[in-house]
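Just so it is clear, the model here is predicted, and its values are computed rather than measured.
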Amino acid sequence: MNYGTFRSMTVLLGAAALWGTGCSDSGSAQIEDMRCEYMRSPVGIGLDMPPRFTWTYAGDEDFVQGKCRVRIASTKEALADSLAPGDVWTSPEIVSGNGFVECDAALALEPRTRYYWSATAWDEAGRIVCSPVDSFETAMADGGWTAKWITDRHDKNFAPSPMLRKSFTVKDGVREARLYMSAAAYGKMTVNGEPVTENKLEPGYTHYDKRNLYATYDVTKLLRPGENVVAAVLGNGFYNEIAPVATWDFEDARWRDRARMICELYIVYGDGTSEVIASDGSWKTATGPYLQNNIYSGDTYDARLEIPGWDRPGFDDRAWKPALEVAAPSPVLTAQTMPGIRPTREIKPVGVRSFGDTVYVFDFGENMSGLCRLKISGERGTKVEMQHGELLKDNGRVEMRNIDIYYDPMPGLGFQTDYYTLKGDGEETFTPDFNYHGFRWVEVRSDRPMKLDENSLTALCMHTAVEPVGEFRCSNDMLNEVWKATRRAYLANLMSIPTDCPQREKNGWTADAALAIDLALLNYDGILFYEKWFDDVADNIREDGRIAGIIPTSSWGYDDWIGPVWDASILIIPNAIYNYYGDKRTIEKIYPTVEKYLTYLKTREDSTGLVTYGIGDWVFYKTQTPTAYTSSCFYYLDYALMSRFAELTGRDAAPFREKAERIREAVNRIYFDSTAASYANGSQAALAVALGLGIVPEGYEQRVADNLAKAIEDNDFHLDFGTLGSKYALRMLTRYGHGDVAYKMASQKDCPSWGWWIEQGFTTLAETWALSPEFRDASVNHVFLGDVSAWMVSDIAGINFDPERPGYRHIVFRPHFFDGLDWAEAEYRSVSGPIRSRWERKGDRVVLTVTVPVNSTATVEAGGKTVEVGAGTHDFKF
């Protein structure tokens, strides 16, 4: 699968070229960007949920879908007649304007099988559009594994990695071969010495005792007649944290054990016969150069211990020991459909500084997550260390104090440090396999003299490879840099879970994910990523209804100090996915979990009927907003969103709606001063949260917003809030007519501001508005203060979803022409097609151009006017 572009992988066929009959009235409209489970021609979709099919339109801008149908067949030829039923499944003619069909839940697809599908759509005039034929392939059947989980015969505290191999014979005429692999935590797999994927850290991180993921690889081209070898090296990740090197209790995880794996290689020959190579006790195992790996420290590799040819045919493994069959980590083994973690860019250093001939510091020009590839020559036994950091000391060496605060150092395990021992046979190359770091600078040290230059070290920028779908630019260069820094910070914190920072913690803090969800989905196609994480959320809830502040967690984070503001992510993110994609699956799946959680929260109400414990406006600048107030506000949001979820899933929403209104009334009774039109202590965050969550009584909204604007004006147009204020202040100022105040605040360049970070040279977003002089407990690669970038798209360029017609079937263009800006533009390649907005000052006028995708409509609100438009490109002058 190619996640690097946003083009359909299928060839768009005109009406005359389509198979069969029935599409002669389609005109110039075309179906494109066909996807199954939001992937193009996927291999390895799971069978636990019915597949979904989506598409967009191009061509005839007058085409508006009135109904649609999807057909599934066992062969491409079975779909030749474009209006005949598929021989596997045919949906009814669904009355819908969305290019979206979900299979009948009763449809039983076969495992490991390729199917073909097509879509047909009709407009109100009866014109027909037929798609090309595309394909998808199913993965393993639940419970259909014959393989065994295996590892070596060492204890979980034994540091060297298990190495496993299996030799087997392949006949001539392989038609296709698929490798299905899971590991706890990670498996680096090869076939005949060749990697089966460019992905790293496979499979994705889960609650390992609740659910394990497996990946599917097409390895047809890696097999050859005769002897073949499938091999693996296993890594620890969060499954086997050997040392207590951090404070999150992973060394005591209930799932902790020796790294292990399971795999099945299915080979199908041209004559129709097949065979399976499955992991079991017949595999052979040893240890070699992979001396240790630790998710917070790094990898240690001694090239002197390499075993030449061990993963290739012809190797004599008689001295190796049989693998040990072991218990599965969890009862659930499910297909991984989210994009894998992989290097998306290779970055050369922009500068190298030497401190003698044993220390070099490399500057890669930007902060990122990932690894480095080292090329080096030297004497056998030379020991090299690569330590990764995001700041420099005054003397030019790498500064670790801002990110190693929670790290408990142990001998030979430096924080964010990889170790390599040379074998001494010319130029050697080393790339770690089982960790990742957050860094801009890398300090390379050795115990013997070495000669390094800009070609010696290459940074591999690495993250879950979500596809970019959004762009923004404007005439304010500083805002452009903030937007770029936000994207870098977001990607750096995408490692099969949404993390807070890629170095110090690497934890899935719930509020960090919720605060970033709009900038996430406006910039990247993230539905599969978040659907995976919400399986982790469902696995996280305890019997009493509590969820942890970090997900996944071994046991840490169910404490009272976290609370409802952080927990609200379990409603905020599914709601956002529905708004951006028009897809209810996440809501439907998480509904029982949310019910259980809300039942728990009822037990935490005080005498006023509110829930007041937990974290509030985290990392505020100077003014702290009362946490009891913000927790109460988010308790209201829980029920407001749950009433929507109930409506969308066909349940009774009235109890949730009524409960939400009672909470809202209590918040206003206790915290709202109607005379002053102010909330709590009148802080910027207090006012913005009340407006943003819809708590303000009708008729008072403008006065509260005016007070918010005045609070910022009185502060010399500077912010004074933390995470919650950063999410709602800019949006609420703009919504209620104070956009120029929002723009002035967003454009500041001194502390505290987003621009101040840029002035300091940061290339990602910092964790706090002002780093402490001691550099303690504050990284410069967080994303939870980054909603400013989503505000740029929605309120400067003006691209907004309509919650009544989600998935951008109807778009609301609401741009703002702020003083000080000459132009702005944004593009968002939505699930309904590409959306664009650009405005520019020309003399005494502003020219606005918007593009609406085929089969969508839009409302343009600008310059005091409201205009309804259909598909196509439209120009306006104000």
Side-chain angles (χ1 to χ4, degrees), residues 3-4 198-201 295-299 339-352 361-374 386-392 398-400 402-404 415-418 431-444 454 456-468 480-507 512 516 519-520 523-524 526 529 757-758 760-767 778-786 789:
Y3 291 92
E198 62 180 337
N199 293 344
K200 295 275 197 176
L201 307 182
I295 199 67
Y296 289 108
S297 173
D299 285 17
I341 296 169
R342 64 175 173 86
T344 58
R345 291 185 297 144
E346 293 194 0
I347 303 173
K348 302 299 291 184
V350 298
V352 183
V361 173
F362 292 77
D363 178 7
F364 289 98
E366 63 181 86
N367 210 357
M368 71 188 85
S369 62
L371 300 166
C372 283
R373 182 175 62 233
L374 174 68
M386 298 187 294
Q387 188 162 46
H388 304 68
E390 52 181 24
L391 294 174
L392 287 183
V398 171
E399 174 66 80
M400 304 301 292
N402 70 310
I403 54 177
D404 69 356
F415 183 63
Q416 289 215 130
T417 305
D418 297 308
T431 306
D433 288 307
F434 299 120
N435 71 88
Y436 71 95
H437 308 298
F439 66 98
R440 171 177 171 172
W441 285 274
V442 179
E443 184 169 304
V444 181
E454 65 275 5
S456 301
L457 204 64
T458 302
L460 308 179
C461 182
M462 190 171 90
H463 52 81
T464 298
V466 288
E467 181 178 337
N480 292 335
E481 292 304 314
V482 170
W483 182 80
K484 293 176 186 176
T486 303
R487 282 167 59 104
R488 289 192 194 101
Y490 176 72
L491 290 178
N493 285 291
L494 223 62
M495 289 291 177
S496 81
I497 65 168
T499 66
D500 61 326
C501 55
Q503 8 63 14
R504 189 188 67 217
E505 299 188 31
K506 303 184 178 182
N507 283 323
D512 296 51
L519 72 89
N523 279 288
Y524 297 97
F529 173 83
W757 293 336
I758 303 302
Q760 299 307 299
F762 299 162
T763 59
T764 48
L765 307 184
E767 182 179 3
S779 89
V780 292
N781 201 346
H782 269 60
V783 75
F784 62 8
L785 296 171
S789 292

Testing the basics here: between [X] and [Y], what is the closest heavy-atom pair and its distance to 0.1 Å?
X: Val780; Y: Asn367; answer: O-ND2, 3.4 Å
X: Cys372; Y: Val442; answer: SG-CG2, 3.7 Å
X: Ser496; Y: Phe529; answer: C-CE1, 3.5 Å
X: Leu765; Y: Val482; answer: CD2-O, 4.3 Å
X: Gly298; Y: His437; answer: CA-CE1, 4.1 Å
X: Arg342; Y: Ala465; answer: NE-CB, 3.5 Å

Derivation of the side chain to side chain donor-acceptor pair (under 3.5 Å) call for Asp299 and Asn435: CA-CA 7 Å; Asp299 285 17; Asn435 71 88; 2.7 Å; yes

Trace of the side-chain contact (heavy atoms from CB on, under 4.5 Å) decision for Leu392 with Asp363: CA-CA 10 Å; Leu392 287 183; Asp363 178 7; over 6 Å; no

Not counting sequence neighbours, which residues clear ring-ring contact (aromatic ring centres under 6.0 Å, His included) with [X]? List them please.
X: His463; value: none
X: Tyr524; value: Tyr490
X: Phe362; value: none

With rounding to the nearest 0.5 Å, note down the distance linking [atom1] in [X] to [atom2] in [Y].
X: His388; Y: Phe415; atom1: NE2; atom2: CZ; answer: 11.5 Å
X: Phe762; Y: Arg440; atom1: CZ; atom2: CZ; answer: 10.0 Å
X: Thr486; Y: Trp757; atom1: OG1; atom2: CH2; answer: 8.5 Å
X: Thr499; Y: Leu494; atom1: OG1; atom2: CG; answer: 7.5 Å
X: Phe434; Y: Ile295; atom1: CZ; atom2: CD1; answer: 10.5 Å
X: Asn507; Y: Met495; atom1: CG; atom2: CE; answer: 14.0 Å

Stepwise side-chain contact (heavy atoms from CB on, under 4.5 Å) test for Asn199 and Ile341: CA-CA 5 Å; Asn199 293 344; Ile341 296 169; 5.9 Å; no

Could you tell me whether the side chain of [X] and the main chain of [Y] form a donor-acceptor pair under 3.5 Å?
X: Arg488; Y: Glu366; result: no
X: Tyr436; Y: Gln503; result: no
X: Asn402; Y: Ala778; result: yes
X: Glu443; Y: Val398; result: yes
X: Glu399; Y: Gly389; result: no

Salt bridge (Lys or Arg N to Asp or Glu O under 4.0 Å) evaluation trace for Arg373 with Glu346: CA-CA 10 Å; Arg373 182 175 62 233; Glu346 293 194 0; 3.0 Å; yes

Minimum side-chain heavy-atom gap Asn493-Asp512 below 4.5 Å: no

Residues Glu390, Ser779; criterion side-chain contact (heavy atoms from CB on, under 4.5 Å); working and verdict: CA-CA 8 Å; Glu390 52 181 24; Ser779 89; 3.3 Å; yes

Chi angles and distances behind the side-chain contact (heavy atoms from CB on, under 4.5 Å) call for Thr431, Lys200: CA-CA 11 Å; Thr431 306; Lys200 295 275 197 176; 4.0 Å; yes

